[in-house]
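Every heavy atom of this structure was used, including side-chain atoms; hydrogens, water molecules and symmetry mates were not. Numbering of ligands and ligand atoms starts at 1, following listing order.
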Amino acid sequence: MFDSLQNRLGDVFDRLKKRGALKEADVTAALREVRVALLEADVALPVVKDFIDKVRERAVGQEVIKSVSPGQQVIKIVHDNLVEMLGTEAGTINLNAVPPVPILMVGLQGGGKTTSTAKLAKRLKEKDRKKVLMASLDIYRPAAREQLRVLGEQIEVATLPIAENETPVSIAKRAMAAGKLQGYDVVMLDTAGRLSIDESMMDEVIQVRDAVNPVETILVADAMTGQDAVTTARNFHERVGLTGIVLTRMDGDARGGAALSMRAVTGVPIKGVGVGERADALEDFHPERVAGRILG
Ligand code: GDP
C-alpha cells in the first residue's frame with residue numbers, strides 16, 4: 001500500500017559511504033525522505049521538524065557500524081527516536097486514590113468515547129478485578145446515554161440509572177455518591193462530546209473535573225482524523241489537563257501519525273489503542289509497532 005521507507009531510501013542509501021562517519025549531507029538527504037514519510041503518515045508539520053532536527057543531531061558524525069549498512073543505521077536511529085518520542089512508559093490506568101476512583105473520559109463526538117469507556121471498564125473489571133460504575137453525562141443526546149447502558153449490559157458493568165433534568169455536574173456527583181455508597185472501586189464518567197472544539201463543551205468538562213477531581217482525564221481521539229486529532233489534543237490539554245490518550249480506529253488504515261503528534265503536543269502517554277467496535281477491541285500501546293507503521 002505504501003512505499004516502505006527502506007525502498008524509498010534505496011537510492012539515497014546507495015550513495016552513502018560504506019565506512020567512516022555519517023556525513024551531514026548524506027544524513028540530510030536521507031532525512032528528506034523520512035520527512036515525506038512522516039508527513040504522509042499525517043504527523044503534524046512542527047512535530048516533523050522537531051523530530052528531523054533531533055535525529056540529524058544524533059546521526060551526523062556517528063561512526064558507521066561495520067555489521068550494518070549506513071542506510072540501516074540511519075533507519076535504526078530514526079526508528080529508535082520515534083519509539084522514544086512515542087513514549088515507552090507502561091500505559092496503565094492510575095488508580096492511586098481512595099475509591100471510588102473517578103476517571104473522566106473526554107473527546108469529540110464520534111471519536112469513540114462511549115465505546116472506549118466500555119472497553120476500559122471491561123479491562124478494569126477483568127484484568128484488574130475492579131468493581132466499575134459507568135455514567136453518561138450527555139444530557140443532550142438520550143441515544144448516547146442509552147448506548148452506554150446497553151454496552152454496560154453487554155459487558156456486565158453497572159451504569160448509573162438515568163434520571164431526568166440533571167446537569168452534567170449533578171450526574172457526576174450522583175455517580176460518585178452511588179460509587180461510594182455501593183462500594184465501587186472506579187467511577188467512569190463519559191462526558192458529552194461536540195462535533196468540534198466548542199467553548200461550552202470545555203466549560204462543562206472543566207466544571208465536572210472541578211466537581212470530582214479525577215485521577216485520570218483521558219482523551220479519546222480517532223486516529224483517522226490525523227491533524228484534527230492534534231488540534232483536539234492541544235485544546236483539551238491546555239484547557240482541561242489530560243493524563244492519557246486512547247487512540248481509536250487503529251484497525252483502519254490510518255498510519256498512526258496522530259499518535260506521535262498528540263504525544264509530542266501533550267506529553268501524556270497513550271493508554272490504549274482501539275482496534276474495532278467490540279468491547280474487547282482494546283490493545284495496549286506498543287510504540288515499536290506504531291513506529292513501524294508510521295515509517296511504512
Ligand atoms: P463517541 O461519540 O465519541 O462516544 O463515539 P462512539 O463510542 O459512539 O463511537 C462512534 C462509532 O465508532 C461507533 O460506531 C463505534 O462502534 C465506532 N468505534 C469506536 N472505536 C472504534 C475503533 O477502535 N475501531 C472501529 N473500527 N470503530 C470504532
Side-chain angles (χ1 to χ4, degrees), residues 1 42 91 93 103-124 132-155 157 159-160 162 168 171-172 175 187-198 200-202 204-205 208 214 216-226 228-233 235-237 239-240 242 244-259 262-263 269-286 289-290 293-294:
M1 179 171 48
D42 240 342
I93 301 291
I103 297 179
L104 198 58
M105 304 295 288
V106 303
L108 296 181
Q109 193 174 309
K113 187 160 31 61
T114 302
T115 314
S116 300
T117 302
K119 287 175 177 176
L120 280 178
K122 183 172 158 65
R123 192 164 86 177
L124 288 170
V132 183
L133 176 67
M134 305 189 291
S136 168
L137 310 189
D138 196 332
I139 55 171
Y140 315 101
R141 294 190 311 138
R145 298 202 293 269
E146 180 60 12
Q147 184 191 356
L148 190 69
R149 191 190 65 74
V150 171
L151 286 169
E153 267 181 12
Q154 281 170 10
I155 61 173
V157 167
T159 46
L160 187 75
I162 296 167
I171 302 173
V187 171
M188 302 197 65
L189 302 169
D190 181 16
T191 61
R194 305 286 194 278
L195 290 174
S196 56
I197 295 289
D198 167 306
S200 72
M201 169 177 65
M202 289 297 178
E204 195 176 291
V205 171
V208 172
E216 292 270 13
T217 301
I218 297 177
L219 173 71
V220 180
D222 179 351
M224 306 283 282
T225 61
D228 284 346
V230 186
T231 312
T232 306
N235 270 285
F236 270 104
H237 194 52
R239 298 291 308 274
V240 186
L242 299 172
I245 293 169
V246 168
L247 191 65
T248 62
R249 294 214 179 81
M250 282 294 275
D251 49 317
D253 51 15
R255 294 273 292 276
M262 289 199 291
R263 165 76 200 199
I270 295 170
K271 299 209 167 188
V273 175
V275 290
E277 302 201 28
R278 291 164 45 106
D280 53 6
L282 180 74
E283 292 181 351
D284 291 338
F285 177 63
H286 295 289
R289 269 188 223 163
V290 177
R293 193 161 159 167
I294 289 175

Worksheet item: Taking only residues two or more places apart in sequence or in another chain, which ones pass side chain to side chain donor-acceptor pair (under 3.5 Å) with E283?
Response: none
Practice prompt. Please list, chain by chain and in numerical order, all residues satisfying side chain to side chain donor-acceptor pair (under 3.5 Å) with R249, sequence neighbours excluded.
Written response: D222
Would you mind running through ligand 1 and noting each atom that sits below 4.0 Å from a heavy atom of [X]?
{"X": "K119", "answer": "20 (N), 22 (C), 23 (O)"}
{"X": "L108", "answer": "3 (O)"}
{"X": "G274", "answer": "23 (O)"}
{"X": "V275", "answer": "23 (O)"}
{"X": "T114", "answer": "1 (P), 4 (O), 7 (O)"}
{"X": "Q147", "answer": "6 (P), 7 (O), 8 (O)"}

Worksheet entry | N or O contact, T115 vs ligand 1, cut-off under 3.5 Å | yes
Item to complete: May I ask you to identify, for D251, whether its side chain, its backbone, both or neither come under 4.0 Å of ligand 1 on a heavy-atom basis?
Response: side chain
Which residue and heavy atom of the protein sit nearest [atom], plus the separation:
{"atom": "atom 11 (C) of ligand 1", "result": "R249 NH2, 3.4 Å"}
{"atom": "atom 5 (O) of ligand 1", "result": "G112 N, 3.1 Å"}
{"atom": "atom 2 (O) of ligand 1", "result": "G110 N, 2.7 Å"}
{"atom": "atom 16 (O) of ligand 1", "result": "E277 OE1, 2.9 Å"}
{"atom": "atom 22 (C) of ligand 1", "result": "G276 O, 3.2 Å"}
{"atom": "atom 3 (O) of ligand 1", "result": "K113 N, 2.7 Å"}

